[in-house]
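See below for the structure under consideration.
We're numbering straight along the sequence, starting at 1. Both ligands and their constituent atoms are indexed starting at 1 by order of listing. Scope of the values below: all heavy atoms of this structure, side chains included, with no hydrogens, waters or symmetry mates.
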Amino acid sequence: MAGIVVIFDFDSTIIECDSDNWVLDETGLTEKFYQLLPSMAWNPLMDKMMNELHSQGKTIQDIVEILNRTPMHPRTVPAIEAAYSLGCHLKIVSDANIFFIETILKHHGVWNCFSEVIANPSHVNEGRLNICPYHDYLKSSHGCNLCPPNMCKGLVIERIQNSLAAAGKKKIIYLGDGNGDFCPSLRLKDSDYLMPRKDFPLCDLVSKNSNKIKAEVHGWRDGKELEHVLLHVINKAIGEGSNINNSTQKVSVDCKMGPIPIDTLQPLPKALSVPQ
Ligand SMILES: Cc1ncc(C[n+]2csc(CCOP(=O)(O)O)c2C)c(N)n1
Ligand SMILES: [Mg+2]
């Protein structure tokens, strides 16, 4: 076992859009949604939109067909499969909902690669999709002012970190794009890796607060770079894990620096090489 946990954000990390916005756009509900957003929180409003679809006679199968067409970079699935094959534990921590995530990942045949998906709960009841907040903010606040009221990804990461320590796993690689990925990024340790998507809000936050980030930072721009950089980082993490007296100096790579030139990456051992 590699002892490495790879944590993926979902929207704009695994897929090329926000899943809620994709479904709203494809069902013609975007205008209505944004008319109501000033007076309602995101999760209950998304739940209301699912009710609206049901009233219009749209079935769960109609929603599944829309989700199956969600834009995704062609190298993202191979990257997930490669990380899984190398023995990494894969998890998703997302402010999207479980139904959308499960449907999309099953369609691409990678649902079983993930040992845990932490997202807003959702279930089908009498042909209608119900969506609930992950954190019940009406009962109590999670208390973090960096995160939306329904989910503090930092608290989720803290729980994962505690369970990893108990299971003897060593390193986290965290991939994300959004403002909600900044709080968990602050929790990563100096033995962990952070992979922010370039030209997305997380990358900006990381650049402006680099003194607060302990993890080694490796940016990526698209699915092709995600694949290449992720396999490079896994390779590095495996190498460090096998060297007990490892004293490698921490190198922080500014995610604004542009793509990592291919010739500066260590050659991948055969087992890690990217499938053509
Ligand atoms: C106050 C507030 N505004 C907006 C949202 C909704 N929201 C924010 S980021 C995002 C995509 C997250 O998916 P991922 O974490 O996979 O990138 C969603 C659905 C919210 N929950 N609260
Ligand atoms: Mg995201």
closest protein heavy atom to atom 9 (S) of ligand 1 is Asp95 OD2, 4.2 Å
Residue, atom and distance of the protein heavy atom nearest atom 3 (N) of ligand 1 read Trp42 CE3, 4.1 Å
Mind checking whether the Mg ion (ligand 2) has an N, O or S of Asp18 under 2.8 Å?
no
Metal proximity, Asp9 vs the Mg ion (ligand 2), N/O/S cut-off 2.8 Å:
yes
The test is side-chain hydrogen bond (donor to acceptor under 3.5 Å, both in side chains); show your working for Glu216 and His218 and say whether it passes.
CA-CA 7 Å; Glu216 194 174 300; His218 293 261; 2.8 Å; yes
Supply the atom-to-atom distance Leu188 CG to Gln161 CD, rounded to the nearest 0.5 angstrom.
6.5 Å
Which of the numbered atoms in ligand 1 are under 4.0 angstrom from any heavy atom belonging to Phe10?
16 (O)
Are more than 12 heavy atoms from other residues, nucleotides or ligands located less than 6.0 Å from atom CD of Glu31?
no
For the Mg ion (ligand 2), find the closest N/O/S atom belonging to Asp177 and write down its atom name.
OD1
Among the N, O or S atoms of Asp11, which one sits nearest to the Mg ion (ligand 2)?
O
Would you say Asp181 has an N, O or S atom lying under 2.8 Å from the Mg ion (ligand 2)?
no
Indicate whether any N or O donor in one side chain lies under 3.5 Å from an N or O acceptor in the other, for Asn125 and Asn130.
no
How close does the nearest protein non-hydrogen atom get to atom 2 (C) of ligand 1, and which residue and atom is it?
Pro148 CB, 4.1 Å
Atoms in ligand 1 with a heavy atom of Asp20 nearer than 4.0 Å
19 (C)
The atoms of ligand 1 lying under 4.0 Å from a heavy atom of Ser94, numbered in the order shown, are 13 (O), 14 (P), 15 (O), 16 (O)
Would you please test Glu240 and Lys171 for salt bridge (Lys or Arg N to Asp or Glu O under 4.0 Å) and show each step?
CA-CA 10 Å; Glu240 286 166 5; Lys171 284 171 185 287; 2.9 Å; yes
For residues 34-41, which side-chain donor-acceptor pairs fall under 3.5 Å, sequence neighbours excluded?
residue, atom, partner, partner atom, Å
Tyr34, OH, Asn21, ND2, 2.9
Ser39, OG, Leu36, O, 2.9

Honestly, for Asn43 the part within reach of ligand 1 (heavy atoms, under 4.0 Å) is neither
Suppose I only count heavy atoms of Ala96 and a 4.0 Å limit; which atoms of ligand 1 are within that range?
13 (O)
Have a look at Glu16 and tell me which of Arg197, Arg69, Arg75 forms a salt bridge (Lys or Arg N to Asp or Glu O under 4.0 Å) with it.
Arg197
Just to confirm my output: which protein heavy-atom neighbour is closest to atom 13 (O) of ligand 1, and how far is it?
Asp11 OD2, 3.1 Å
Closest non-hydrogen contact found for Asp9 with Lys153 is OD1-NZ, 2.7 Å
Can a non-hydrogen atom of Lys153 be found less than 4.0 Å from any atom of ligand 1?
yes
Protein residue, atom and distance nearest to atom 17 (O) of ligand 1, heavy-atom basis:
Asp9 OD1, 2.6 Å
Show me the donor-acceptor pairs within less than 3.5 Å that the side chains of residues 105-113 make with the rest of the protein, sequence neighbours left out.
residue, atom, partner, partner atom, Å
Lys106, NZ, Glu102, OE2, 2.5
His107, NE2, Asn68, O, 3.4

Does Thr103 reach the main-chain N or O of Phe99 with its side chain, forming a donor-acceptor pair under 3.5 Å?
yes
